[in-house]
Amino acid sequence: DFNNIKYSFAKCCNPLPGDSVFGFITINDGIKIHRTTCPNAENLMSKLAYRCINAHWKSQEVREHIAKLKIIGIDGIGIVNKITQIISFQHNVNMKSISFESKDGIFEGQIQVYVFDKMHLDELIEKFTLLEGVKRVERWDDMDQEHDEDDHY
């Protein structure tokens with residue numbers, strides 16, 4: 001809950017309202033908000049604890065955030081269609097991107113959707129999980145972006 005303080009969301013973990021978060025004071029880019037489960041969180045909290053601050057969401061914060069999901073399952077006829085139908089019929093979900101790869105009868109889909117908060121995303125995940133053939137649904141983040149460019153240590 002920051003007023004007139006420059007802050008942004010860390011690209012390495014894409015926090016959503018409802019996620020447990022903390023702020024990291026960067027050298028050049030104000031405060032970066034990370035999920036406490038971010039792959040970088042342990043490193044930041046242990047080595048740079050003096051630059052970590054408590055953060056929490058304003059309850060009235062209502063805007064769309066990008067969430068990334070990975071869906072893995074058995075490749076069957078129409079599975080992609082079923083997944084996109086869930087997205088288009090799910091209340092208030094717009095898609096940013098979607099890609100699927102299939103190999104040896106197993107598919108892996110990567111989807112980016114706009115959601116309002118973690119609860120909104122969890123509802124979507126639950127609907128995907130109920131699809132026949134879907135084995136795993138998980139949030140994914142740009143792990144190739146190990147650290148935000150501006151989090152100089």
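What you see is a predicted model, and the numbers here were worked out from it, not measured in a lab.
Aromatic ring orientation, Tyr7 versus Phe9: perpendicular (interplanar angle above 60°, classes split at 30° and 60°).
Asp29 contributes atom CG, which lies 11.5 Å from atom CZ of Phe24 (distance to the nearest 0.5 angstrom). To the nearest 0.5 Å, atoms CD1 (Ile66) and CD (Gln112) are separated by 5.5 Å. How far CG of Asp122 is from OG1 of Thr129: 10.0 Å, rounded to the nearest 0.5 Å. In this structure, the separation between CD on Glu108 and CG on Asp75 is 12.0 Å, given to the nearest 0.5 Å. Here the CG atom belonging to Leu121 is positioned 5.5 Å from the CZ atom belonging to Arg139, to the nearest 0.5 angstrom. Atom OG in Ser97 sits 8.5 Å away from atom CD in Gln110 (nearest 0.5 Å).
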Just do the salt bridge (Lys or Arg N to Asp or Glu O under 4.0 Å) check on Arg136 and Glu138 with the steps written out, would you? CA-CA 7 Å; Arg136 204 164 82 233; Glu138 57 193 34; 3.0 Å; yes
From CA spacing to verdict: side-chain contact (heavy atoms from CB on, under 4.5 Å), Lys32, Lys11: CA-CA 9 Å; Lys32 284 278 172 144; Lys11 292 181 190 74; 4.3 Å; yes
Evaluate side-chain contact (heavy atoms from CB on, under 4.5 Å) for Ile79 paired with Phe107, printing each intermediate quantity in order. CA-CA 9 Å; Ile79 190 81; Phe107 78 85; 3.8 Å; yes
So Cys13 and Asn40, side-chain contact (heavy atoms from CB on, under 4.5 Å) or not? Walk me through it. CA-CA 9 Å; Cys13 58; Asn40 299 319; over 6 Å; no
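Counting heavy atoms from C-beta outward, Ile111 and Ile83 have side chains that approach closer than 4.5 Å. Between Cys12 and His34, some side-chain heavy-atom pair lies under the 4.5 Å cut-off. No side-chain heavy atom of Val115 sits under 4.5 Å from any side-chain heavy atom of Glu64. Side-chain contact between Ile31 and Thr26 is absent, with no heavy atoms from C-beta onward closer than 4.5 Å. A 4.5 Å side-chain heavy-atom check between Phe22 and Leu44 finds at least one atom pair inside the cut-off.
Considering every non-hydrogen atom in both Asn14 and Arg35, the closest pair reads O-NH1, 4.2 Å. Taking all atoms of both residues into account, the shortest heavy-atom contact from His120 to Phe116 is ND1-N, 3.0 Å.
If you chain together hydrophobic residues whose side chains sit under 4.5 Å apart, Leu124 and Leu130 never meet in one group. The hydrophobic cluster containing Ile53 also contains Ile33, counting ILVMFWY residues as joined when their side-chain heavy atoms lie under 4.5 angstrom apart, directly or transitively. Under the 4.5 Å side-chain heavy-atom criterion for Ile, Leu, Val, Met, Phe, Trp and Tyr, Met45 and Leu48 are members of the same hydrophobic cluster. Following chains of ILVMFWY side-chain contacts shorter than 4.5 Å, one cannot reach Ile74 starting from Val80, and the two form parts of different hydrophobic clusters. Linking ILVMFWY residues whenever their side-chain heavy atoms come closer than 4.5 Å, directly or via other members, leaves Ile98 and Ile72 in distinct clusters.
Around the CD atom of Glu42, the shell of radius 6.0 Å holds no more than 12 heavy atoms that belong to other residues, nucleotides or ligands.
Separation of the Tyr114 and His65 ring centroids does not fall under the 6.0 Å cut-off.
Checking side-chain atoms of Asp19 against main-chain N and O of Leu16 turns up a donor-acceptor pair under 3.5 Å. In this structure, Trp140 contributes its side chain and Ile71 its backbone to no donor-acceptor pair below 3.5 Å.
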